Amino acid sequence: MCGIVGYTGGRQAAPVVLDGLAKLEYRGYDSAGVAVSDGDGNIDIKKAKGKLKILFDLTDGGKSFNGTCGIGHTRWATHGEPSQNNAHPHCNDEHTIVAVHNGIIENYSQLKDKLTRRGYTFYSDTDTEVATKLVDYYYKKHGEPLKAISEFALHARGSYALAVLFKDFPGEIFAIRKDSPMVIGVTDGGALLASDVPAILKYTRNVYYTDNHEIVLLSKDGVAFYNLDREEISKTPTLISWDAEAAEKGGWEHFMLKEIHEQPEVVRNTVNYFLHDGKLDLSELQLSEDYLKGVSSITITGCGSAYHVGVVGQYVIEDIARIPVRVEIASEFRYRKPVLGGNELVIVISQSGETADSLAALREMKQQGVKTLAIVNVLGSSIAREADGVFYTKAGPEISVATTKAYSAQLIAMYLIALKLAEVRGTVGAQQYSSFKRELTELPEKIAKVLETKSEVQKFASQMMDKKDVFFIGRGVDYAVSIESSLKLKEISYVHSEAYAAGELKHGTISLIENGTLVFGTLTQKALAEKTVSNLVETASRGAYVAVLASQSVEGIPENFKKVFHIPDTDEHFTASLAVVVMQLFAYYLSVLRGNDVDKPRNLAKSVTVE
Ligand code: M6R
C-alpha cells in the first residue's frame, strides 16, 4: 500500500519527509519520491525506483533539497509498473502543481480521456497523474486551490489520500481524503500529514484523524479543515499515547487485529481496481477473452489458506461459469502426474508468492506446457514473475503470520475470475451478472458490519476457553469456510480442531463427539442449511455444544443450539467473505485469552520457502 507524508514549518522539509516515509516502509513499496518547494514556491522533485535508501543517497538524506515545505510518497504499484516514471510525485506541465496520492481513482480512464480532449498530455501510466492534472484543470478554471480540490473530489470516484503543493501558495499543503487513511499532526511552528501515525510520531503526539471529503490546509501557522463547500470546520485532536511499535500497529494490540479490520478497505481496493464504470476489466492478467472462452478445465493449487481459497473458487467457478475445476494441495500436486486437459488453466494462489511447494507446482505445470495464472499479493515475487499471467491482490503487506486480509483479497480474485469466465462464456444472464457486481461492491460495508459484532465474538471466545476439541462443519461454500476456520484456530490458539463436510461426520468422526465438544456449524447456503442443521442436531444429541454462524435470512435454527451468530445476507457465492471474519475474530480472541504470541505463533513462518 502506498504511503504519503507532508511537512511544512520551520525545518528543512525533505529530511522530515524522508524520515516519515521510512516509518511507513512496513506498508510495502516499490519506488519513492519527494517534492519540496523553496521560499519562492519553485518545486523540486526527486524520485527513484526501489528502496528509499536510493532516494536518501540521491539527496544526501534530504539535505540537498532546499525548502521548508514538502510532500513525499512510497508507491506500491497499482496502475502501471514500478518505475521512476510512474513514481510519485506527479506534476502539471508547468511544474506549478505537484501531488502525491494513495488509493485508486476508479474513473481515471474516463477523466484521462476528458482531460486529453482539453489538451492535456500524460507521461505516466498512473491514475495519480490524472488526479494531479484534474486539480490543475480546476485550479486554472477557478484560480483557487480549495475550489480546485473540492471539484477534484466531486469528479473523481474511488479512494484517495491526496496532498498537493501549489507554486502560487508557497509554504502550504492542500490535502483531501476518501476511504484511504490520512492523519494530520501539528507541531510548534509547523504541521504534518501522513498515511499513518508512526510517520509523524517523532514530531508530535497531537493528531487529527480526517474524515472522508474533508479538505485540509497545512501551513506553518497550523492546520485548517474545510468541507466540500469550503466552509471551515472545527476538529479536535487526539493525543497519541502509544509507543513507536504500537503506533506501527495503528494502535491495535496486534497486527492480526489490525489486518482483520483492514479487510473492508482491502476488499474495496481489490474490487474497485478491477471493476469500474460497471465493467470488469481483467486485461492486466494477460489472458485474452478468446483464450478464457476456450478454457476446458481449471486446476487451482496453493498451500494452507491459499488452498482454502481455491476450495471456495471451485464451488463458485463451477457454479457460475460451468467449467470443471479441481483443487489440489500444492505439495501433493507437484509430485503427482496429473492428467491435464487440452486447454487447462492452472491457477496458483499465494500471498507471499514465494511458497516453495506452490512455486514448484507452478514450474512443474509450466514445464508441461500448461498456461498458468498466479494470484499473488507481493509484487515481483517469484510466483508472480514466473506465471504467464498475474492477478495482484490489493491487500498491502500482511505482517501477522495468520493470514486474514490477504485471504479476503484472494477470495475477491476468485469471484472476479469466475465472473469474467461467466461473462465471456455467456453462462449467466445480464440481470444475474449485474446483481453479482452489485453484491461485490456492497461487500466492504457488510464486512464492516460483521466487524461490529466483535465484542460478541470476544465474549463467546471467553466462554470457550476450556474447549480441547472443536469441529467446524458446513456444506458447499460453508465447508470451505470451515476448513479455513479450523486452520485459523489451530494456528494461533493451539486448540485442536477439525473441519468436516457436514454430511461426512457420521461416517466415523462423530464418535469423537463427547459431552461439551464444541461443534461450530456454518449456515449461509439456504438450500443446504436444513441438511447441515440435521447433522448439527445429531451432534447435539450426543452432547455437543452447538454454535452456528448463519446468514440473516436462514431459518429453522433449533432453539437448543447454544449460540447463533448472524451475518448480513449477500449472494450465496460470496458468503465466505463475511463468514470468515467471525471465525478470524474467534481464533484471535481465543489466542489472546490463552496468552499466545498471536502475530508469531510457535513453529510457524510467514513465508514457507522450504519443502
Ligand atoms: O504465502 P502463501 O499464501 O503461499 O502461504 C501459504 C500458507 O503458508 C499460508 O496461507 C498459511 O497457511 C497461513 N499461515 C495461514 O494463516
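Note that ligands are numbered from 1 as they come in the structure, with each ligand's atoms numbered from 1 the same way. Quick caveat: nothing in here was measured; it's all calculated off a predicted structure.
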Check: salt bridge (charged side-chain N to carboxylate O under 4.0 Å, His left out) between E265 and K405: does it pass, once the steps are laid out?
Finding: CA-CA 9 Å; E265 187 191 348; K405 61 175 183 168; over 6 Å; no
Checklist line | Under 4.0 Å from ligand 1, counting heavy atoms only: the protein residues, by chain and number | finding: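 Residues within 4.0 Å of ligand 1: C303, G304, S305, A306, S350, Q351, S352, T355, V401, A402, T403, L487, K488, E491.
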Validation: residues 319-328 side-chain donor-acceptor distances under 3.5 Å, sequence neighbours left out:
{"unit_1": "D319", "atom_1": "OD2", "unit_2": "H573", "atom_2": "NE2", "d": "2.7"}
{"unit_1": "R322", "atom_1": "NH1", "unit_2": "E318", "atom_2": "O", "d": "2.8"}
{"unit_1": "R326", "atom_1": "NE", "unit_2": "T299", "atom_2": "OG1", "d": "2.7"}
{"unit_1": "R326", "atom_1": "NH2", "unit_2": "T299", "atom_2": "OG1", "d": "3.4"}
{"unit_1": "R326", "atom_1": "NH2", "unit_2": "V339", "atom_2": "O", "d": "3.2"}
{"unit_1": "R326", "atom_1": "NH2", "unit_2": "E344", "atom_2": "OE2", "d": "3.4"}
{"unit_1": "E328", "atom_1": "OE1", "unit_2": "R336", "atom_2": "NE", "d": "3.2"}
{"unit_1": "E328", "atom_1": "OE1", "unit_2": "R336", "atom_2": "NH2", "d": "3.4"}
{"unit_1": "E328", "atom_1": "OE2", "unit_2": "R336", "atom_2": "NH2", "d": "2.3"}

Scan the side chains in residues 469-477 for donor-acceptor partners under 3.5 Å anywhere in the protein, sequence neighbours excluded, and list what turns up.
{"unit_1": "D469", "atom_1": "OD1", "unit_2": "H496", "atom_2": "ND1", "d": "2.7"}
{"unit_1": "R475", "atom_1": "NH1", "unit_2": "N535", "atom_2": "OD1", "d": "2.5"}

For residues 418-425, which side-chain donor-acceptor pairs fall under 3.5 Å, sequence neighbours excluded?
{"unit_1": "K420", "atom_1": "NZ", "unit_2": "L280", "atom_2": "O", "d": "2.9"}
{"unit_1": "K420", "atom_1": "NZ", "unit_2": "E289", "atom_2": "OE2", "d": "3.1"}
{"unit_1": "K420", "atom_1": "NZ", "unit_2": "E423", "atom_2": "OE1", "d": "3.4"}
{"unit_1": "K420", "atom_1": "NZ", "unit_2": "E423", "atom_2": "OE2", "d": "3.1"}
{"unit_1": "E423", "atom_1": "OE1", "unit_2": "Y433", "atom_2": "OH", "d": "2.3"}
{"unit_1": "R425", "atom_1": "NH1", "unit_2": "L292", "atom_2": "O", "d": "3.0"}
{"unit_1": "R425", "atom_1": "NH1", "unit_2": "K293", "atom_2": "O", "d": "2.9"}
{"unit_1": "R425", "atom_1": "NH1", "unit_2": "V295", "atom_2": "O", "d": "3.0"}
{"unit_1": "R425", "atom_1": "NH2", "unit_2": "V295", "atom_2": "O", "d": "3.1"}

Item checked: Polar side-chain atom of T372 near backbone of D388 as donor-acceptor pair, under 3.5 Å -> yes
Checklist line | Donor + acceptor pair across side chains of T126, N86 (<3.5 Å) | finding: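 No pair is found: no donor N or O on one side chain lies under 3.5 Å from an acceptor on the other.
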